[in-house]
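Worksheet: one structure, shown below.
Here is the naming used below: chain letters follow the sequence lines, and residue numbers restart at 1 for every chain.
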4 protein chains.
Amino acid sequence: MQGGKRDLILDAAEKVFREKGFHLATLDEIASKAGVAKGTIYLYFKDKLDLFLSTVERRFRELIDELEGMKGRFDDPVEAISGMTDVLFKFARSAERLVRHMTPEKLRKPPPGKLGVKAHMEMVREKVFKPIEEVIGILSGCVSEGQARGGFRADIDPKLAAVALISMIRGVVFLKIGIPELGIDTAESPKQVKALFLNGIMEG
Amino acid sequence: MQGGKRDLILDAAEKVFREKGFHLATLDEIASKAGVAKGTIYLYFKDKLDLFLSTVERRFRELIDELEGMKGRFDDPVEAISGMTDVLFKFARSAERLVRHMTPEKLRKPPPGKLGVKAHMEMVREKVFKPIEEVIGILSGCVSEGQARGGFRADIDPKLAAVALISMIRGVVFLKIGIPELGIDTAESPKQVKALFLNGIMEG
Amino acid sequence: MQGGKRDLILDAAEKVFREKGFHLATLDEIASKAGVAKGTIYLYFKDKLDLFLSTVERRFRELIDELEGMKGRFDDPVEAISGMTDVLFKFARSAERLVRHMTPEKLRKPPPGKLGVKAHMEMVREKVFKPIEEVIGILSGCVSEGQARGGFRADIDPKLAAVALISMIRGVVFLKIGIPELGIDTAESPKQVKALFLNGIMEG
Amino acid sequence: MQGGKRDLILDAAEKVFREKGFHLATLDEIASKAGVAKGTIYLYFKDKLDLFLSTVERRFRELIDELEGMKGRFDDPVEAISGMTDVLFKFARSAERLVRHMTPEKLRKPPPGKLGVKAHMEMVREKVFKPIEEVIGILSGCVSEGQARGGFRADIDPKLAAVALISMIRGVVFLKIGIPELGIDTAESPKQVKALFLNGIMEG
DNA sequence: GATGAATGAGGCTTCATTCAT
DNA sequence: TATGAATGAAGCCTCATTCAT
């Protein structure tokens with residue numbers, strides 16, 4: 001069981017990062033929750049940031065797999081987008097509090113004393129940028145197809161539309177989590193977002 | 001020159017928080033950038049967190065003032081929303097990296113050893129929740145009016161629409177900042193977002 | 001060499017606390033005197049206060065052991081008390097400057113931000129109250145026995161007598177230390193205190 | 001009203017020092033409790049230690065006045081000592097928590113950066129040592145007189161007896177305050193201490 | 001591979017003291 | 001005299017990281 005321990009650590013890390021955020025999470029808590037010694041973490045991950053980003057990456061991979069699976073299932077771009085929206089809502093609900101902590105500082109600056117801006121950016125590109133681009137690619141692909149087939153407005157940039165859809169979903173979910181007293185209707189949100197977005201990109 | 005020093009500190013704090021994030025920002029740097037002694041900060045702010053939230057609050061106030069001003073200027077909800085979108089883009093571009101650091105942990109849990117969950121939540125409500133609600137209120141008000149006057153779809157929840165619009169804008173701007181290599185077109189974004197959103201909420 | 005480091009720290013801490021008092025003692029000095037890093041202290045002690053009280057507790061344990069040993073050695077309560085007085089003088093001379101810093105504030109209030117009045121009092125009871133009660137118990141036991149056997153005045157509360165004896169000794173020693181210019185005769189003190197106390201509790 | 005403000009400050013300081021101890025007491029709290037500005041304190045006292053010792057000195061003066069008054073009132077040394085014991089109990093009950101904080105460090109080392117070991121010791125001698133010597137002098141005077149008149153044991157050093165009496169009283173009161181759960185009988189204590197002490201110094 | 005004791009840099013915060021008004 | 005805003009030194013404590021076993 002090679003990777004077994006690695007996943008154990010990732011599971012624990014994800015849970016702690018989600019609840020405390022990156023900086024308030026401690027490797028002590030992660031290690032104890034994972035049932036391994038603190039030092040063991042360093043056998044599988046370069047440092048705390050690497051652990052965090054690996055956590056995020058894993059979630060992105062799952063998301064991408066699910067979205068990819070969806071792509072083939074529907075012929076109609078509208079239905080594909082509708083299905084993907086549901087997937088994105090599910091993702092946001094379980095991962096937004098984790099993903100949220102990917103701030104520009106963490107992505108752009110290597111942890112001090114680690115010598116290697118180059119290597120750092122390389123890792124970030126692999127674990128974060130590429131997956132995000134893939135997700136955007138899948139969604140914008142649907143939009144493009146809708147445009148090609150007709151029915152979708154041609155003056156909308158598919159990539160921007162994709163970003164807009166993802167952002168709406170994340171925003172709605174995050175506000176629900178962060179300020180519950182706003183009274184956002186969890187059950188209705190996906191339907192509303194779909195209506196808004198689809199109506200937005202479709203002609204007349 | 002009474003509150004002068006308070007603003008000096010807020011200015012410096014905002015700059016540092018924006019660049020380093022909450023946890024990596026140090027009061028040392030803020031103090032020296034503000035040209036005051038470290039202790040002076042504590043004459044005006046209870047806490048590092050208080051300082052941070054005050055920084056955010058100030059920005060929110062400015063945003064609200066600008067949005068309020070806009071509300072009266074346009075008779076047509078469409079034009080009002082269009083104008084507000086521009087304001088929100090401007091806000092996001094200059095404040096998103098700051099606002100981003102308001103994570104649930106910071107909003108929901110009082111800093112350890114500060115005795116006072118109640119007082120903490122009271123402050124958060126005042127400095128964060130209320131302004132956010134105001135912004136959403138202004139925007140959803142425009143949507144409601146559009147619905148009342150006719151022309152806007154009646155099946156869209158105005159509050160959710162507001163959240164969606166804000167989130168789109170924040171998301172587009174943040175991705176531009178966080179992953180410039182995505183190649184989001186800064187100049188075109190507002191126009192595209194407006195098209196998407198307005199087409200989304202208006203009847204066929 | 002397990003607890004070795006703990007004792008090393010306790011030794012250094014006791015020395016520094018004795019010389020500087022609780023508040024003027026710094027963990028920096030204690031750590032460097034113990035030859036360990038500052039962080040290491042926190043592997044063995046929860047707190048500065050915990051470290052201090054542990055220091056005191058250790059001394060109390062030694063004192064109690066010695067007093068217990070004495071209890072069996074003498075049959076005559078008078079001789080037992082005489083012997084214990086010598087032990088108490090020795091204890092006071094080497095520990096009074098340490099013990100002195102157990103002020104009510106430290107015993108009654110948990111350090112701010114440590115969440116746990118209950119836990120704090122529990123620790124204090126274990127490390128401080130119980131040992132003190134034991135010491136008083138041993139001494140008052142001797143007095144009680146003297147009363148039972150006859151020869152000791154029956155109208156004296158044994159527990160109060162014990163407290164009085166301990167206090168006399170501590171007071172004499174402390175004044176000698178604190179105000180040497182008073183010219184208290186170190187060599188004569190034990191003899192005098194014994195005479196005073198024994199004559200005080202014995203009949204006619 | 002010259003000294004009016006000085007006494008106001010002393011009153012506030014005493015209260016705060018008694019409750020928090022020397023180091024945990026803050027000049028901020030003292031000033032606000034006294035109704036004066038923080039800076040004002042420095043018009044009347046050299047520094048925090050000076051303020052503290054002045055507080056103690058004032059109490060000593062009152063004690064000495066009361067003891068002096070007693071000296072003349074009784075002809076019989078036994079009765080004089082008995083009366084003084086009552087006075088000392090009253091003093092201990094109201095001032096022990098204050099006086100307790102006069103630790104050797106504070107008395108022997110000038111506050112750092114104050115340049116002046118000589119001046120410091122001079123002040124300490126005036127405010128602390130001399131009063132203590134006076135108190136001891138009054139009490140030991142009674143003992144000496146008892147010895148001169150006959151009835152008191154001649155082998156007891158009057159000064160040590162005085163110290164012993166004071167210490168007993170302080171010890172009993174302090175333990176009552178510090179560890180109430182010991183169950184020391186407040187009402188009975190003075191009677192018991194008198195019995196113990198007087199029996200101790202009087203001839204068989 | 002796995003451990004966890006040890007490290008030590010660095011952060012937030014407090015507070016006695018000063019000084020311009 | 002009186003004020004109180006400003007200072008800045010100094011302390012406790014945390015925690016990512018290392019390394020000998």
Side-chain angles (χ1 to χ4, degrees), chain A residues 1-2 5-6 23-32 35-51 111-114, chain B residues 1-2 4-6 23-32 35-49 51 111-114, chain C residues 1-2 4-6 23-32 35-49 51 111-114, chain D residues 2 5-6 22-32 35-51 111-114:
Chain A
M1 182 74 66
Q2 277 300 55
K5 204 155 271 189
R6 193 187 133 99
H23 290 282
L24 262 35
T26 68
L27 291 181
D28 257 309
E29 187 176 355
I30 292 171
S32 97
V36 302
K38 222 182 335 174
T40 306
I41 295 177
Y42 286 84
L43 297 176
Y44 295 94
F45 304 94
K46 195 163 56 62
D47 55 17
K48 191 187 183 184
L49 183 55
D50 182 31
L51 174 59
K114 290 291 168 188
Chain B
M1 197 206 295
Q2 276 301 52
K5 202 150 278 189
R6 194 187 131 98
H23 290 281
L24 264 33
T26 71
L27 290 178
D28 257 312
E29 185 176 357
I30 291 171
S32 94
V36 302
K38 221 182 329 174
T40 305
I41 295 177
Y42 288 83
L43 295 178
Y44 297 93
F45 304 94
K46 194 166 57 62
D47 242 0
K48 188 186 184 185
L49 183 55
L51 174 59
K114 290 292 169 189
Chain C
M1 196 205 296
Q2 276 301 54
K5 203 150 276 187
R6 196 188 131 99
H23 290 281
L24 263 33
T26 71
L27 290 178
D28 259 311
E29 186 176 356
I30 291 170
S32 95
V36 302
K38 219 182 331 173
T40 305
I41 294 177
Y42 288 85
L43 295 178
Y44 297 94
F45 304 94
K46 194 166 55 64
D47 240 2
K48 188 185 184 186
L49 183 56
L51 174 59
K114 290 293 167 187
Chain D
Q2 279 298 59
K5 203 154 273 189
R6 194 188 130 98
F22 179 78
H23 290 283
L24 263 35
T26 68
L27 291 181
D28 257 308
E29 187 177 354
I30 292 171
S32 97
V36 303
K38 222 183 334 175
T40 306
I41 294 177
Y42 285 84
L43 297 176
Y44 296 93
F45 304 94
K46 196 163 56 61
D47 55 18
K48 192 187 183 184
L49 183 56
D50 182 31
L51 174 58
K114 289 292 169 189

Note to self: What is the separation between atom CZ on F45(C) and atom C1' on dA5(E), rounded to the nearest whole Å?
What the structure shows: 15 Å
Check: Rounded to the nearest Å, what distance is computed from the OH atom of residue Y44(C) to the P atom of nucleotide dG4(E)?
Finding: 14 Å
Check: Sequence neighbours excluded, which residues qualify as side chain to side chain contact (heavy atoms under 4.5 Å, CB included) partners of Y42(B)?
Finding: L27(B)
Note to self: What is the separation between atom CD on E29(D) and atom P on dA16(E), rounded to the nearest whole Å?
What the structure shows: 11 Å
Notebook entry, point to check: How would you list, by chain and number, every residue that makes a side chain to side chain contact (heavy atoms under 4.5 Å, CB included) with L24(D), sequence neighbours excluded?
Noted result: H23(C), K20(D)
Show me the protein contacts with nucleotides 11-14 of chain E, counting only N or O atoms at under 3.5 Å.
from    : atom 1 : to     : atom 2 : distance (Å)
dC12(E) : OP1    : A25(B) : O      : 3.3
dC12(E) : OP1    : K48(B) : NZ     : 2.7
dC12(E) : OP2    : L27(B) : N      : 3.1
dT13(E) : OP1    : D47(B) : OD1    : 3.1
dT13(E) : OP2    : Y42(B) : OH     : 2.7
dT13(E) : OP2    : K48(B) : N      : 3.1
dT13(E) : O5'    : Y42(B) : OH     : 3.3
dT13(E) : O4     : K38(B) : NZ     : 3.0

Item checked: Terminal helix-axis angle for the helix from dA2(E)-dT21(F) to dT21(E)-dA2(F), with five pairs defining each axis and rounding to 10 degrees -> 10°
Next item on the list: Could you tell me which residues satisfy side chain to side chain contact (heavy atoms under 4.5 Å, CB included) with S32(C), sequence neighbours excluded, listed by chain and number?
Entry: none
Margin query: Just the rounded figure in Å: distance from C1' of dT17(F) to CG of D50(A).
Written below: 14 Å
Margin query: Among dA5(F), dT1(F), dA5(E), which nucleotide has an atom closest to any side-chain atom of L43(D)?
Written below: dT1(F)
Check: Considering residues at least two apart in sequence or located in another chain, which fulfil the salt bridge (Lys or Arg N to Asp or Glu O under 4.0 Å) criterion with K48(D)?
Finding: none
Check: From Y44(C) OH over to L51(C) CG, what is the distance, rounded to the nearest 0.5 angstrom?
Finding: 13.0 Å
Next item on the list: Report the distance from atom CG of D28(B) to atom CD1 of I41(B), rounding to the nearest 0.5 Å.
Entry: 8.5 Å
Checklist line | Nucleotide dA5(E), atom P - distance to CD1 of I41(C) in whole Å | finding: 17 Å
Check: Would you say a side-chain N or O of K5(A) is under 4.0 Å from OP1 or OP2 of dG1(E)?
Finding: no
